[in-house]
Amino acid sequence: MRIAIIGAGRVGKSLGAALRATRHRIVYGVRSDELSARPVHGGGEDMETIGGAIAGSDAVILAIPWTSTEAIVCEHARALTGKIVIDATNPLNATSSRLALGFDSSGVEILQSHAQGATFFKTFNAAGADAIAQPSYPQGRAVMFVAGPAGPQKQAVLGLVDDVGFEAVDAGELRAARLLEPLGMLCLELAAQGRKGDFAFVLASREPAEVEAEHPCAVVALGAG
């Protein structure tokens, strides 16, 4: 796939490297001033304006601070029409001390309302750059949940999560992001308490895969490198 990653920070770069290694074409979308300072990301990965990156993409990954995300989606809503949009952000407040939204809505649902012609998914929000770069742990492969509408596009997103190296788990419709965003906040809280950055969640279950749907409350273990 041709994938535009909006943002070239640590998370965006880790996602780009992992996806590029599985033969996806990666283009980073950045602000015009950043583009003039760094016209080429290196390693064969292109860097363009946000609008230019979106225009040539099949899918878009939002990997920027939440404080910028809503404005960017509103600005480029028309260009996002018909595209898969993966929201990897967490809607933090201005001081990054807590989520700005509770369980009655989610950041990605707000973004979907601003660009109704696109199809939004929530994933990649509950792991840091180190975990994205290497999602295998002694306890097992790190899990990454995906919230969004069922259908071929969701299967494509689950495939991208698997390509990065995570165990991709379908968490349900987009409203399930109301549960996934607090999980992302938990990662940040654990990091703030001094846990090493290279950790992730591992999903454990005693049930065979074919009957997991009957036992949705699997054990979640914390895996650390």
Side-chain angles (χ1 to χ4, degrees), residues 1-7 11-29 43-46 53-64 80-90 106 108-109 111-112 115 117-137 140-177 179-181 183-184 187 200-205 208-213 216 218 220 223:
M1 297 179 70
R2 297 169 299 173
I3 302 172
I5 299 179
I6 309 305
V11 169
K13 288 178 181 177
S14 290
L15 285 170
L19 290 167
R20 186 169 175 264
T22 54
R23 300 187 182 277
H24 296 287
R25 182 186 173 221
I26 304 301
V27 178
Y28 288 93
E45 294 170 341
D46 297 327
I54 291 172
S57 68
D58 302 310
V60 177
I61 300 177
L62 302 173
I64 49 179
L80 291 170
T81 297
K83 298 184 185 295
I84 293 171
V85 183
I86 297 171
D87 176 23
T89 73
N90 286 302
S106 65
V108 70
E109 289 175 277
L111 299 179
Q112 178 69 88
T119 305
F120 279 74
F121 296 88
K122 169 70 70 173
T123 193
F124 294 131
N125 70 302
D130 292 332
I132 292 169
Q134 180 50 266
S136 293
Y137 291 85
R141 192 158 59 127
V143 69
M144 188 59 64
F145 300 99
V146 178
Q153 290 178 311
K154 188 170 205 176
Q155 295 306 309
V157 174
L158 289 165
L160 292 176
V161 173
D162 186 70
D163 285 345
V164 172
F166 289 101
E167 177 186 357
V169 175
D170 188 342
E173 294 295 321
L174 197 61
R175 62 182 289 119
L179 305 176
L180 302 189
E181 290 176 353
L183 186 62
C187 286
F201 297 107
V202 175
L203 184 67
S205 175
E210 60 268 20
V211 295
E212 279 184 355
V220 177

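Residue numbers count from 1 along this sequence.
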- Task: Output the distance between atom CD1 (Ile26) and atom CZ (Arg20), rounded to the nearest 0.5 Å.
- Result: 8.5 Å
- Message: Main chain of Phe120, side chain of Gln112: is a donor-acceptor contact present, judged purely on distance under 3.5 Å?
- Response: yes
- Applying salt bridge (charged side-chain N to carboxylate O under 4.0 Å, His left out) to Lys154 and not counting sequence neighbours gives Asp170
- Message: Please enumerate all residues that pass side-chain contact (heavy atoms from CB on, under 4.5 Å) together with Ala142, with sequence neighbours excluded.
- Response: Pro135, Tyr137, Phe166, Ala200
- Message: I need the full list of side-chain hydrogen bond (donor to acceptor under 3.5 Å, both in side chains) pairs touching residues 142-151, with sequence neighbours left out, sorted by first then second residue.
- Response: none
- Query: For Arg141, what residues pass the salt bridge (charged side-chain N to carboxylate O under 4.0 Å, His left out) criterion, not counting sequence neighbours?
  - Reply: Asp162
- Message: Could you check whether any side-chain N or O of Thr81 sits under 3.5 Å from a backbone N or O of Gly117, counting only pairs where one atom can act as donor and the other as acceptor?
- Response: no
- Task: Kindly compute the distance separating CD1 (Ile6) from CD1 (Ile54), expressed to the nearest 0.5 Å.
- Result: 4.5 Å
- Item | Backbone of Ile3 reached by a side-chain donor or acceptor of Ser57 within 3.5 Å | no
- Note on the structure: Residue set satisfying side-chain contact (heavy atoms from CB on, under 4.5 Å) with Thr89, at least two apart, ordered chain then number -> Leu62, Trp66, Thr69, Asp87, Lys122
- Note on the structure: Correct closest heavy-atom pair for Cys187 and Ala126 would be SG-O, 3.3 Å
- NZ/NE/NH1/NH2 to OD/OE distance under 4.0 Å, Asp46 and Arg25: yes
- side-chain contact (heavy atoms from CB on, under 4.5 Å) with Ala18: which residues, sequence neighbours excluded? Val164
